[in-house]
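Each remark here refers to the structure printed beneath this line.
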Amino acid sequence: MTNKQQEHWDLIIKPKSSFFQLHLNDVWHYRDLLMMFVRRDFVSVYKQTILGPLWFFIQPVLTTVMFVVVFGNIAKISTDGLPQVLFYLSGITIWNYFAETLNTTSNTFIGNAAIFGKVYFPRLVMPLSKVLSGLIKFGIQYLLFVVAMIFFALKGTAIHIHWAEVIYITPLLLFIMAGLGLGGGLILSTLTTKYRDLTFLISFGIQLLMYATPVIYPLSTIKNPTYKAILLANPMSSVVETFRYIYLGAGELNRGSLLYSIGFMFFLLLLSIVMFNKAERTFMDTV
Amino acid sequence: MSVVIKAEQVSKQYRLGEVGTGTLSHDLNRFWYRIRGKEDPYLKIGEANDRTKKGSSDYVWALKDVSFEVQQGEVLGIIGRNGAGKSTLLKILSRTTAPTTGTIKAKGRIASLLEVGTGFHPELSGRENIFLNGAILGMRKKEIERKFDEIIDFAGVERYIDTPVKRYSSGMYVRLAFAVAAHLESEILIVDEVLAVGDAEFQKKCLGKMKDVSSGEGRTVLFVSHQMDAISTLTSNALCLINGKVAINASTYEAVRFYLENNKASQGVYQSKPIPDYPSFVRVEVITSEAEGVHKNGEDLIIEIEVNMPFIKEGIAVSFQIFNEKELPVIYNYIFDSEQPILRKTGISKLKCIIPKCKLYQGFYYLKMHLAESRGKIKFQEVDKICQFEVKMMNKIIEWGWQKDVCIYTEDFVWIKDDF
C-alpha cells in the first residue's frame with residue numbers, strides 16, 4: 001500500500017471525466033496537429049480544381065450579385081443609404097464566417113468518426129482547426145470587402161469609417177462569432193452522435209437563421225416590435241450591425257446588445273464544453 | 001522492471017440492436033435515476049458476451065472485469081476469437097472510447113496502430129501525410145523532421161513521396177503508415193493485425209522493427225493478432241480473452257495452446273442435412289489408418305465426401321485444405337468438373353480422395369472444405385474446422401523421440417555415407 005503513493009502514472013483512463021476538464025495542455029501539445037489540419041483543410045479542398053483559391057472570391061462575389069439583383073433591385077429592400085454592393089458584401093463576409101464555423105464544427109463527431117475511432121488526440125483540436133481555417137477564409141473575403149470599400153471611396157461615395165472602433169472592435173466581433181459558431185457547432189455535433197435527425201436541420205437551419213439576422217436588410221427598417229425583439233434576441237444581429245457601423249457608418253453601435261452577444265457566447269461555450277466533454281468519452285459507441 | 005500498464009477491473013458495456021430506438025427513453029430513465037442519486041439502472045443488467053447465443057438482454061458486457069499488468073519492454077500478445085473483446089480492449093487503451101467501469105493506468109505515451117492509414121488524406125502527398133499522420137499520432141513537427149529520412153527509407157516509397165497517396169497501392173499505403181508509427185517515440189505501442197497487409201518482405205521488416213522496439217529500445221508493445229505464428233515469434237507473454245474475460249494470462253506458449261485447445265476443430269465425421277435448393281456438403285469423413293482419428297505417418301489418408309446437388313450445374317469444384325494446429329494450411333487439393341466430370345446428377349454424389357503415404361508430421365490437423373462453381377465464381381459452401389485427426393510417428397521410433405514442431409511434413413530420405 002505504501003508503494004502505491006510513490007507510483008506515478010502519466011495517464012489514467014477512467015469511465016468519467018469531470019465536467020469542465022478541457023485538457024488544454026493536451027491541446028497545446030498537439031498544436032502542430034492543429035496547424036496541419038488547418039493547412040489540410042485549405043490545401044485539399046482546391047486540389048484538382050483549375051481556379052483553386054480563387055473560389056474563395058467567386059462565392060461571395062456571386063452571392064452579392066445575386067442579393068443586389070433579388071433583394072436590392074426586385075424587392076427593393078432598403079440598404080440604409082449605403083451602396084448595395086457594400087451593404088450586402090459586408091453582411092455576407094461577416095455571416096459567412098459564422099455560418100462556416102457553425103456548419104463545419106457541427107460535423108466534428110460524425111464527419112471524423114473514422115479517425116476518432118482509431119487514434120486518440122484531443123478532440124477539441126478538430127473543431128478548433130475549423131475555427132482557424134474559417135478565419136483564413138474570412139481573411140480572404142475581408143480583403144475583398146476592403147478592396148470594394150476602396151473602390152467605392154475612390155468613386156466618391158461617402159464612407160464613414162470609425163477608425164478607432166475598427167481596430168479594437170473587429171477582433172472582438174471575430175471572437176464573438178468564433179465563440180458562437182464553435183459553441184453552437186459543438187452542441188449540435190454532440191447531439192447528432194445520438195440523434196441523427198439534427199443533421200437534416202443544420203444546413204437549412206443556418207440558412208433560416210440568416211434571414212433572422214440583419215444580413216440582407218438593416219435593423220433600422222424593422223418597425224414591428226415583435227420582429228425587432230426576435231432580431232435582438234439573435235446574438236448575431238448585433239455583430240452584423242456593429243460591423244456595418246464601424247466600417248460603413250450605417251446603423252448604430254449598441255453596446256448593450258453587443259454585451260448581450262458576448263454573454264450569450266460565453267454561456268453557449270460553457271454549455272458546449274460540458275456536453276462535448278461528456279460525449280467525447282463514449283461517442284464511438286453511439287455514432 | 002516496472003509496470004507500465006495496469007488495468008484494474010476494466011469493463012465495457014454495449015447496447016445491442018439499433019441505437020436510436022428507445023434511446024431517448026433510456027436516456028431519460030438514466031437521468032431520472034441520476035438526479036435522485038441512484039446508480040445507473042442499466043449497469044446492473046447485461047450478459048456475458050457470447051455472440052453465438054441469443055440473449056435476453058439488450059445490454060452485453062464486451063469486457064468484464066479485465067485486469068492485467070504489463071512490464072516495461074514486454075511484448076504482450078492479445079489473442080481470442082472474433083468478438084472476444086480484443087478490439088474493445090484496444091479501443092479503451094488507445095482512448096478512443098472510455099470504459100464503463102474500471103481504470104487503466106499507464107506510464108508514458110500510448111500510440112496505437114489500430115488500422116493503417118488512419119488520418120491519411122488521399123489528396124495530400126506522401127510527404128504531407130507523413131507530417132499529418134505523425135502529428136495525429138502525437139509527434140511534434142520537429143520530431144518528424146528529424147526522423148523524416150528514416151521513415152521514408154523504412155517505408156521504401158521515396159519515389160512516390162510527392163505523389164498524392166490516393167495513387168498509392170494499398171501495400172505502399174501500409175508501408176508508409178507503419179513506418180510513421182514505428183518511428184514514433186512512444187513508450188507504449190499498440191499493434192493490431194497490420195501485418196496482414198503488405199508483402200512478405202515488408203512483414204518481416206515490421207516484425208523485426210517490433211522486436212527492436214521492444215528489446216532494443218525498451219518500449220512496450222501490445223500486439224493483437226489471429227496469426228498464432230506471429231504471436232508465437234513476437235511475444236513472450238499472451239493474454240487470451242474469451243467472451244470479454246481474461247481466460248488466461250501466461251507465457252505465450254501456454255496461452256496459444258490454451259487458445260487452440262478452446263478453438264479446436266470438431267472431431268469425427270461431419271454430417272449435415274442437405275440445404276434446400278442449394279448445393280452443400282452432407283458428409284465428410286477422414287479415414288485414418290488407426291482407430292479414433294489417429295493416423296500413422298506414412299500411411300494412406302482417405303477423405304470421403306458426399307455432396308448434395310439440388311440441381312445440375314456444370315463447372316463444380318470441390319477442394320479441401322488440411323490445416324495444422326497453428327492454423328497454417330499444409331495441404332491443398334481439388335477436383336474440378338471441367339477436367340474430370342463430377343456431380344453431374346441431382347441428389348447426393350460421393351467423392352473420395354486418397355492421399356497415398358501421407359507423411360504429415362506428428363500433431364493435430366483439421367479440414368476445411370470448399371464447394372464452388374468456377375465459371376460464375378460462386379462459392380456455395382465453406383466448412384471450416386472439421387474432422388480433426390491426429391498424426392503419430394508410429395513404428396518410426398528414434399532414439400531421442402520425435403521433437404515438437406521441428407517440421408510439418410516428412411519425406412523419404414536416403415542417406416549415403418563415405419562410399420559415393
Side-chain angles (χ1 to χ4, degrees), chain A residues 3-4 6-17 23 26 28-49 112-123 125-126 129 191 193-197 277-287, chain B residues 2-7 10-15 19-20 23-24 27 91-115 117-124 128-129 131-144 164 187-188 192:
Chain A
N3 222 355
K4 240 180 190 169
Q6 295 168 357
E7 277 184 306
H8 162 76
W9 301 99
D10 296 316
L11 173 72
I12 297 177
I13 303 169
K14 284 184 306 219
K16 277 193 184 99
S17 63
H23 306 293
D26 256 18
W28 178 244
H29 177 84
Y30 279 83
R31 59 191 181 276
D32 286 341
L33 178 63
L34 184 69
M35 297 330 285
M36 256 174 251
F37 276 142
V38 173
R39 204 181 116 75
R40 179 193 71 174
D41 284 347
F42 210 68
V43 173
S44 64
V45 173
Y46 296 106
K47 284 228 167 162
Q48 278 200 17
T49 62
N112 298 298
I115 177 169
F116 280 2
K118 282 167 205 140
V119 271
Y120 172 83
F121 52 86
R123 302 319 192 200
V125 168
M126 206 52 127
S129 77
L191 291 176
T193 59
K194 259 193 179 172
Y195 309 107
R196 218 50 79 84
D197 315 54
N277 259 336
K278 195 166 176 295
E280 173 187 74
R281 309 280 297 161
T282 55
F283 94 101
M284 270 325 294
D285 310 335
T286 49
V287 75
Chain B
S2 63
V3 177
V4 285
I5 301 178
K6 193 171 184 177
V10 177
S11 301
K12 177 79 187 172
Q13 190 186 49
Y14 277 115
R15 180 147 185 235
V19 176
T23 316
L24 195 56
D27 280 352
K91 271 185 184 168
I92 293 173
L93 274 168
S94 57
R95 287 193 285 170
T96 55
T97 188
T100 312
T101 60
T103 53
I104 296 178
K105 294 173 190 162
K107 280 179 195 161
R109 278 196 279 174
I110 299 183
S112 58
L113 199 60
L114 294 195
E115 220 169 296
T118 309
F120 269 32
H121 195 290
E123 296 287 352
L124 299 180
E128 289 166 315
N129 267 309
F131 280 97
L132 182 64
N133 195 235
I136 286 174
L137 293 172
M139 275 195 257
R140 300 296 317 279
K141 201 171 174 185
K142 268 184 240 143
E143 219 177 312
I144 307 168
E187 285 74 16
I188 300 162
D192 185 9

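We name chains A, B, ... by the order of the sequence lines, and we start the count at 1 in each one.
Only the side chain of B/Ile110 has a heavy atom closer than 4.5 Å to any heavy atom of chain A. Heavy atoms of B/Glu128 lying under 4.5 Å from chain A belong exclusively to its side chain. Heavy atoms of B/Val10 lying under 4.5 Å from chain A are absent altogether. Only the backbone of A/Phe116 has a heavy atom closer than 4.5 Å to any heavy atom of chain B.
In terms of heavy-atom proximity, B/Leu93 sits nearest to A/Ile13 at O-CD1, 3.7 Å. Nearest heavy atom pair, residue A/Trp9 against residue B/Val4, reads CZ3-O, 3.7 Å. Counting all heavy atoms, side chain and backbone alike, A/Leu33 lies closest to B/Leu132 at CD1-O, 4.0 Å. Across B/Thr96 and A/Arg123, no two heavy atoms sit closer than the pair CA-NH2, 3.8 Å. For A/Lys14 against B/Thr103, the heavy-atom pair with the smallest separation is CG-CG2, 3.5 Å.
The OH atom of A/Tyr30 sits 8.0 Å away from atom CG of B/Leu137, with the distance rounded to the nearest 0.5 Å. The line from CZ of A/Phe37 to NE2 of B/His121 is 10.0 Å long, rounded to the nearest 0.5 Å. Interatomic distance, B/Ile144 CD1 to A/Met36 CE, rounded to the nearest 0.5 Å: 5.0 Å.
The candidate from A/Leu34, A/Val125, A/Asp32 with the greatest count of non-hydrogen atom pairs under 4.5 Å with chain B is A/Asp32. When each of B/Lys141, B/Lys12, B/Met139, B/Arg140 is scored by its heavy-atom pairs under 4.5 Å with chain A, the top score falls to B/Arg140. By number of non-hydrogen pairs under 4.5 angstrom with chain A, the leading residue of B/Ala7, B/Ala135, B/Ala106 is B/Ala106.
In summary, of the residues considered (B/Lys107, B/Glu187, B/Lys105), a side-chain contact (heavy atoms from CB on, under 4.5 Å) with A/Asp10 occurs for B/Lys107 alone.
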